[in-house]
Amino acid sequence: MEKHYYKDKVVITGIEHFDLKHTFECGQCFRWNEEEEGSYTGIAFGKIINVQREGEKIIFNNTNKEDFENIWVNYFDLTRDYGEIKEKICNDAMIEKAIHFGSGIRILNQELWETIISFIISSNNNIPRIKKSIEMICEGYGEYIGTYMGKKRYAFPDANKMKDLTVEQLKGCNTGYRAPYIIDTAKLFCSELFTIDLFKELDSETSIKELTRFSGVGPKVAHCINVFALGKRDAFPVDVWIKRIVEHLYFKEQTTPQKIQAFANEKFGINAGYAQQYLFYYARELNLGKERKS
DNA sequence: CAGCAGGTGCAAG
DNA sequence: CTTGCACCTGCT
């Protein structure tokens with residue numbers, strides 16, 4: 001990978017395994033949106049960034065060398081060797097096909113607080129509504145950080161800000177019955193000085209145990225936080241889609257989430273999180289939800 | 001109009 | 001410890 005720095009953008013070349021659509025639309029993040037010309041604009045770490053592909057080049061707009069090195073290299077997981085990971089998890093023809101479908105997925109290393117709240121909101125919910133809720137929270141209670149491509153942009157509000165919101169205010173952001181979960185979680189998060197470094201020191205199992213102390217965080221959401229915010233790539237979130245695709249490809253019959261979880265641990269080990277993303281994306285691509293009913 | 005969507009919490013068995 | 005059910009809300 002080669003990096004070229006400019007005044008307000010960074011261009012990289014020679015990067016493999018990076019497709020914008022795969023990465024931003026595989027369900028791991030909720031604040032990235034495609035622009036008309038095909039680039040994607042996102043907000044993280046209180047900053048607005050735009051990513052665009054031009055042939056072999058990936059262009060990171062509205063940023064600089066310092067932020068790129070300090071924030072975005074890690075955020076986009078750019079130092080990770082996805083070729084090696086794919087080799088390791090590619091044990092059979094089924095997973096090979098899934099990897100092929102989502103070959104350009106990179107797992108983003110997202111912020112802890114935002115990830116916790118985003119995935120609490122995601123429970124029993126659909127992506128358009130999740131994105132809408134999060135956007136309403138940011139517009140209502142997040143800091144205004146500038147206008148980009150003609151649109152006002154807001155940061156995700158921190159836990160300290162959110163702990164003082166009322167249930168009514170959060171319900172006003174379309175969070176429904178999750179509103180009290182969010183407030184309780186904010187209060188607990190503030191009361192114990194949880195930091196990303198603290199969680200990173202924990203082994204995956206302990207981390208799950210700690211995370212499920214937060215209201216609205218069960219096993220599935222805790223696994224998402226482990227993979228998407230804490231870099232614990234052995235986590236394997238089991239949702240309905242993963243359950244369907246694993247049953248479809250491997251079990252050939254209905255089973256329990258626990259069995260799926262055990263199967264993934266055994267089969268993919270420390271790289272289960274990557275496998276989960278490829279499988280999830282593949283399941284969505286196959287439209288397995290509808291296929292089953294017919 | 002039921003059923004469902006990246007599930008979880010809670011009350012019972 | 002496992003199972004069944006309710007739950008905001010919008011879409012089919």
Side-chain angles (χ1 to χ4, degrees), chain A residues 22-32 98 101-102 105 107-108 110 114-137 140 165-188 205 208-230 232-233 235-248 254-262 264 272-294:
Chain A
H22 291 174
T23 297
F24 298 129
E25 296 183 20
C26 70
Q28 62 176 324
C29 54
F30 304 104
R31 298 205 70 198
W32 283 91
F101 256 87
I105 293 174
I107 296 185
L108 303 174
Q110 302 182 67
E114 179 177 335
T115 305
I116 292 173
I117 296 307
S118 297
F119 282 92
I120 287 174
I121 294 170
S122 81
S123 73
N124 192 27
N125 210 341
N126 56 66
I127 291 172
R129 204 184 133 205
I130 298 164
K131 292 178 78 167
K132 191 177 151 201
S133 291
I134 292 171
E135 235 27 63
M136 289 175 84
I137 289 171
L165 299 180
T166 64
V167 171
E168 285 65 36
Q169 285 176 308
L170 278 167
K171 282 194 172 173
C173 298
N174 233 324
T175 54
Y177 63 84
R178 304 163 196 82
Y181 298 167
I182 295 169
I183 293 169
D184 289 348
T185 292
K187 285 180 176 158
L188 177 56
E205 201 183 331
I208 296 286
K209 232 174 101 186
E210 285 294 306
L211 288 168
T212 48
R213 290 174 57 210
F214 292 112
S215 177
V217 178
K220 190 270 172 183
V221 170
H223 276 259
C224 285
I225 298 166
N226 260 2
V227 191
F228 301 134
L230 299 173
K232 300 188 191 301
R233 303 288 210 254
F236 190 89
V238 178
D239 55 52
V240 290
W241 291 93
I242 285 295
K243 187 167 178 293
R244 282 177 197 148
I245 188 78
V246 172
E247 285 169 351
H248 179 76
Q254 302 264 337
T255 179
T256 63
Q258 293 90 321
K259 292 251 177 76
I260 307 249
Q261 192 87 63
Y274 300 100
Q276 195 268 2
Q277 282 300 284
Y278 295 124
L279 287 167
F280 180 80
Y281 194 75
Y282 186 47
R284 301 290 300 223
E285 206 67 35
L286 286 183
N287 213 355
L288 222 51
K290 283 176 187 169
E291 205 177 57
R292 280 197 146 231
K293 275 185 270 183
S294 61

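Chain A is the first sequence line, chain B the second, and so forth, proteins listed ahead of strands; every chain is numbered from 1.
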Tell me what [X] touches on the nucleic acid: a base, only sugar-phosphate, or nothing, going by heavy atoms under 4.0 Å.
X: A:Gln277; answer: nothing
X: A:Phe30; answer: nothing
X: A:Pro128; answer: nothing

Q.
Assuming nearest nucleotide by heavy-atom distance, tell me which of A:Phe214 and A:Cys26 is located more 5' along DNA chain B.
A.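 It is A:Cys26, whose closest nucleotide lies nearer the 5' terminus.
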Q: Hey, which sits more toward the 5' end of DNA chain B by its nearest nucleotide, A:Val217 or A:Phe119?
A: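 The residue closer to the strand's 5' end, by nearest nucleotide, is A:Phe119.
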So [Y] and [X], do their side chains get closer than 4.5 Å, heavy atoms only?
X: A:Arg31; Y: A:Lys131; answer: no
X: A:Val246; Y: A:Val238; answer: no
X: A:Ile182; Y: A:Ile121; answer: yes
X: A:Arg129; Y: A:Asn174; answer: yes
X: A:Ile208; Y: A:Ile225; answer: no

Q | Electrostatic pair A:Glu135-A:Lys132, nearest N-O below 4.0 angstrom | A |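 Here A:Glu135 does not pair with A:Lys132 in a salt bridge, since their nearest N and O are not under 4.0 Å apart.
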Q) Hey, would you say the A:Tyr181 and A:Phe214 ring centroids sit under 6.0 Å apart? A)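 A:Tyr181 vs A:Phe214: aromatic centres not under 6.0 Å.
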Could you tell me the separation between the [atom1] atom of [X] and the [atom2] atom of [N], rounded to a whole number of Å?
X: A:Asp239; N: B:dA5; atom1: CG; atom2: P; value: 10 Å
X: A:Ile130; N: B:dT8; atom1: CD1; atom2: C1'; value: 14 Å
X: A:Gln258; N: C:dT2; atom1: CD; atom2: C1'; value: 8 Å
X: A:Ile242; N: B:dA5; atom1: CD1; atom2: P; value: 14 Å
X: A:Phe280; N: B:dA5; atom1: CZ; atom2: P; value: 11 Å
X: A:Leu211; N: B:dG9; atom1: CG; atom2: P; value: 12 Å
X: A:Ile182; N: B:dG7; atom1: CD1; atom2: C1'; value: 14 Å
X: A:Trp241; N: B:dG7; atom1: CH2; atom2: P; value: 10 Å

Anything under 3.5 Å between a donor and an acceptor, one on a side chain of residues 276-285 of chain A, the other on a protein residue two or more places apart or in another chain? List them.
{"unit_1": "A:Gln276", "atom_1": "NE2", "unit_2": "A:Pro237", "atom_2": "O", "d": "2.9"}

(Q) Please give the distance between the P atoms of C:dG10 and B:dT8 as a whole number of Å. (A)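 So the two P atoms sit 22 Å from each other.
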Q) OP1 or OP2 of B:dC4 less than 4.0 angstrom from a side-chain nitrogen or oxygen of A:Arg244, does that happen here? A) no
Q. Distance from A:Cys224 atom SG to A:Phe119 atom CZ, nearest 0.5 Å?
A.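 Going from the SG atom of A:Cys224 to the CZ atom of A:Phe119 covers 4.5 Å.
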Q) Once you round to the nearest 0.5 Å, how far does CG of A:Asn124 lie from NZ of A:Lys220? A)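 Spacing of CG (A:Asn124) from NZ (A:Lys220) equals 11.0 Å.
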Please write out each protein N/O paired with an N/O of nucleotides 8-12 of chain C under 3.5 Å, distance rounded to 0.1 Å.
{"unit_1": "C:dC8", "atom_1": "O4'", "unit_2": "A:Tyr177", "atom_2": "N", "d": "3.1"}
{"unit_1": "C:dC8", "atom_1": "O2", "unit_2": "A:Arg129", "atom_2": "NH1", "d": "2.9"}
{"unit_1": "C:dC8", "atom_1": "O2", "unit_2": "A:Arg129", "atom_2": "NH2", "d": "2.4"}
{"unit_1": "C:dC8", "atom_1": "O2", "unit_2": "A:Arg178", "atom_2": "NH1", "d": "3.1"}
{"unit_1": "C:dC8", "atom_1": "N3", "unit_2": "A:Arg129", "atom_2": "NH1", "d": "3.4"}
{"unit_1": "C:dC8", "atom_1": "N3", "unit_2": "A:Arg178", "atom_2": "NH2", "d": "3.4"}
{"unit_1": "C:dC8", "atom_1": "N4", "unit_2": "A:Asn124", "atom_2": "ND2", "d": "3.1"}
{"unit_1": "C:dT9", "atom_1": "O4'", "unit_2": "A:Arg129", "atom_2": "NH1", "d": "3.3"}
{"unit_1": "C:dT9", "atom_1": "O4'", "unit_2": "A:Arg129", "atom_2": "NH2", "d": "3.3"}
{"unit_1": "C:dT9", "atom_1": "O2", "unit_2": "A:Arg129", "atom_2": "NH1", "d": "2.9"}

Q: Would you write the dot-bracket representation of DNA chain B, where each base gets (, ), [, ], | or . depending on whether it forms a Watson-Crick or G-U pair under 3.5 Å and with which partner?
A: .||||.|||||||
